[in-house]
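Before any comments, here is the structure.
Everything numeric in this text was worked out from a predicted model, so none of it was measured. Protein chains get the first letters and strands the later ones, always in sequence-line order, with residue 1 at the start of each.
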Amino acid sequence: MLQVSYIRDNRELVLERLAVKNFKQPELVEEIIALDDKRKQTQNRADNTSAEANAAAKKIGELMRTGQKEEAEAIKANTGKWKEEIKQLTEQLGSIEEELQQKLVLLPNLPHTSVPKGLTPEENEIVLENGEKPQLPGNALPHWELAAKYNLIDFELGVKITGAGFPVYKGKGAKLQRALISYFLDEAEKAGYSEMIVPLLVNEASGFGTGQLPDKEGQMYYVGLDNLYLIPTAEVPVTNLYRDVILKADELPVKNCGYTPCFRREAGSYGAHVRGLNRLHQFDKVEIVQVVHPDNSYQALEDMSAHVQGLLQNLGLPYRVLRLCGGDMGFASALTYDMETWSAAQQRWLEVSSVSNFETFQSNRLKLRFRNAEGKTQLAHTLNGSALALPRIVATLLENNQTEDGIKIPEVLVPYTKFESIR
RNA sequence: GGAGAGAUGGCAGAGUGGUCGAUUGCGGCGGUCUUGAAAACCGUUGACUGUUAAAGGUCCGGGGGUUCGAAUCCCUCUCUCUCCGCCA
């Protein structure tokens with residue numbers, strides 16, 4: 001959520017930046033400023049009336065104590081009009097604030113100046129490409145066939161238990177999952193992130209804090225009986241740990257990580273591109289989250305990007321880094337890098353990580369602040385990134401590392417899997 | 001699921017109608033003392049809004065009510081804790 005004061009002071013800039021994100025309702029900016037004017041006016045009138053009423057009440061108290069009952073009664077006679085006025089103004093104020101809030105949550109975050117214009121994923125900027133795409137023989141298999149051949153993942157069994165998009169990992173397939181999770185967590189810890197194990201169900205306030213609610217409600221599984229949401233990413237609980245928190249300056253940066261399963265409804269996405277592990281309703285992911293001083297957030301974003309790239313390099317996967325264009329970016333993000341690995345059997349790039357700087361967009365909703373050098377509270381910047389999401393990593397590993405007589409496990413994982421290949 | 005208790009500042013914990021944004025203790029910050037530190041002593045220490053700065057306003061779990069006036073009384077919702085039951 002953008003701050004009204006920022007919108008007021010930077011009206012033109014806001015409009016210009018929103019245009020980069022292809023925002024369709026620029027008139028909201030003027031409406032918000034007008035509403036805020038109205039809010040201030042009404043607030044002011046209500047405050048003044050309250051001040052009068054407070055003074056009168058105080059006076060009555062004094063008079064009563066000194067036994068001047070008559071005088072007290074005389075003042076009492078006048079309080080009715082204030083009372084009525086305060087009630088009316090407060091009601092007005094309430095509805096103005098509600099309207100303001102409703103409009104405010106419709107504004108996406110402003111994109112960073114480096115964000116390219118554009119509408120579609122094709123217009124994302126390729127920042128770099130790294131690693132060599134393996135040349136597979138003609139009889140190479142896609143990962144879903146490899147998963148069946150080596151009895152690693154059973155998609156049908158998942159359908160029986162739950163439904164499509166809830167795979168069952170078996171034997172070495174399960175072991176590989178666990179190995180990847182442990183490896184990612186260990187690497188995150190080496191990079192200074194401290195591990196959290198967090199709830200997989202969150203309340204409405206948490207969903208609002210990181211930006212999933214109110215607009216992306218349909219993407220989360222909802223447990224109506226208890227009014228809770230299954231997390232679509234660890235970002236939600238891990239970032240919300242800092243909701244309503246004022247940090248000391250020396251507590252920054254905060255670096256946390258966590259492994260969780262993630263649940264996404266992915267309503268309406270079916271077809272060839274979602275086969276196998278390409279798109280799931282439940283998947284495993286290790287997430288890294290930072291809370292930083294505003295001056296350092298873009299450096300932190302680069303650090304996180306480098307961390308993710310390091311993982312991909314260590315796993316020996318060819319990858320590329322994209323700077324998302326305005327139209328493809330998330331609602332809450334100011335700058336996002338996507339990391340994609342090359343899936344050699346499918347002959348396509350698969351997104352395996354997304355690293356974003358939200359600047360104050362989340363912290364404003366979360367009321368996540370720190371005390372700055374002047375001793376004032378100030379919104380911190382939040383960032384997060386997948387490091388990494390498992391399914392497409394597994395897909396790429398299986399496909400790219402397949403040989404005549406099995407699948408080779410990357411060296412860095414062998415200490416975790418305790419086996420060097422899948423046969 | 002049944003019964004009861006509770007929700008106050010970073011934490012602990014007073015406060016049952018006006019002088020309470022709130023006693024006190026701990027913690028934090030600043031200072032005195034000290035070679036330095038500890039101890040002791042002194043001072044200071046909530047958030048939001050508003051303003052050039054102030055003044056003023058709002059906030060004692062959320063919402064509503066009574067009253068000239070509510071942390072305090074009433075209603076309601078939510079949450080937490082204790083005991084019992086069930087249970088990994």
rC79(B) to rG65(B) separation - P atoms, rounded to the nearest Å: 23 Å

Whole-Å distance separating the CG atom of L247(A) from the C1' atom of rG46(B): 16 Å

Contacts of A395(A) that satisfy side-chain contact (heavy atoms from CB on, under 4.5 Å) - sequence neighbours left out: H143(A), L277(A), L350(A)

Gap between atoms CG and C1', on D226(A) and rU78(B) respectively (whole Å): 13 Å

Rounded distance in Å between the C1' positions of rU8(B) and rG1(B): 32 Å

Side chain to side chain donor-acceptor pair (under 3.5 Å): pairs with one or both residues in residues 173-187 of chain A, sequence neighbours excluded: Q177(A)-D284(A), Y183(A)-N314(A), D186(A)-Y416(A), E187(A)-K190(A)

Out of rG65(B), rA47(B), rU67(B), whichever nucleotide has its closest atom nearest the side chain of K83(A): rU67(B)

Extract all donor-acceptor atom pairs below 3.5 Å that involve side chains of residues 99-112 of chain A and protein atoms in other chains or at least two apart in sequence.
residue	atom	partner	partner atom	Å
K103(A)	NZ	E31(A)	OE1	2.8
N109(A)	ND2	A332(A)	O	2.9
N109(A)	ND2	F358(A)	O	3.1
H112(A)	ND1	S114(A)	N	3.1
H112(A)	ND1	S114(A)	OG	2.8

Atom NZ of K367(A) with >12 non-hydrogen neighbours under 6.0 angstrom: no

Sugar-phosphate or base contact per nucleotide [nucleotides 15-20 of chain B; S, B, -; heavy atom under 4.0 Å]: ---B--

Gap in Å between the two C1' atoms, one belonging to rC42(B) and one to rC33(B), rounded: 11 Å

Check residues 195-210 of chain A and write down every donor-acceptor pair under 3.5 Å in which the side-chain atom is one partner and the other belongs to a residue at least two apart or another chain.
residue	atom	partner	partner atom	Å
N203(A)	OD1	A205(A)	N	3.4
N203(A)	OD1	S206(A)	N	3.0
N203(A)	OD1	S206(A)	OG	3.1
S206(A)	OG	R243(A)	NH2	2.9
T210(A)	OG1	S206(A)	O	3.2
T210(A)	OG1	Q212(A)	OE1	2.7

Pairs involving residues 386-398 of chain A, ordered by first then second residue, that meet side chain to side chain donor-acceptor pair (under 3.5 Å) (sequence neighbours left out): T341(A)-T396(A)

Protein-nucleotide distance (D37(A), atom CG; rU49(B), atom P), rounded to Å: 17 Å

Residue pair E287(A) / Y259(A), side-chain donor-acceptor N/O under 3.5 Å: no

Whole-angstrom distance between rA71(B) and rG61(B), as gauged at atom P: 10 Å

Separation of atom NZ in K376(A) from atom P in rU49(B), rounded to whole Å: 11 Å

Results of ring pair (Phe, Tyr, Trp, His ring centres under 6.0 Å) for Y6(A) - residues two or more places apart only: none

Selection residues 324-335 of chain A - residue pairs positive for side chain to side chain donor-acceptor pair (under 3.5 Å), sequence neighbours left out: N124(A)-D328(A), S333(A)-T336(A)

Rounded P spacing from rG46(B) to rG30(B) in Å: 16 Å

Nearest-angstrom distance from the residue atom NZ of K76(A) to P of rU67(B): 11 Å

With K76(A) via side-chain contact (heavy atoms from CB on, under 4.5 Å) - residues at least two apart: I60(A), E73(A)

Salt bridge flag under 4.0 Å for residues D37(A) and R8(A): yes

Length of the line joining E91(A):CD and rG65(B):C1', which is rounded to integer Å: 14 Å

Whole-angstrom distance between rU58(B) and rG69(B), as gauged at atom P: 12 Å

Value in whole Å for how far the P atom of rA47(B) lies from CG of L366(A): 19 Å

Short side-chain N/O contact to rC48(B) OP1/OP2 from R369(A), under 4.0 Å: yes

Nearest-angstrom distance, C1' atom, rU45(B) to rA22(B): 15 Å

Electrostatic pair K376(A):E374(A) at N-O distance under 4.0 angstrom: no

Interatomic distance at C1', rG17(B) relative to rU72(B), whole Å: 7 Å

Given RNA chain B, 5'-ward residue of the pair R371(A) and K248(A), judged by closest heavy atom: K248(A)

Protein-to-nucleotide contact annotation, 5' to 3' order, nucleotides 50-61 of chain B [B base; S sugar-phosphate only; - none; under 4.0 Å, heavy atom]: SS----BSS---

All side-chain contact (heavy atoms from CB on, under 4.5 Å) counterparts of D226(A), not counting sequence neighbours: V223(A), L228(A)

Dot-bracket encoding per residue of RNA chain B, Watson-Crick/G-U cut-off under 3.5 Å, | denoting interstrand: ((((((((.[[[..)..(.....]]]((((((.......))))))((((......)))).[[[[[..)....]]]]])))))))....

Nearest-Å distance for atom pair CD/C1', residues Q378(A) and rA47(B): 16 Å

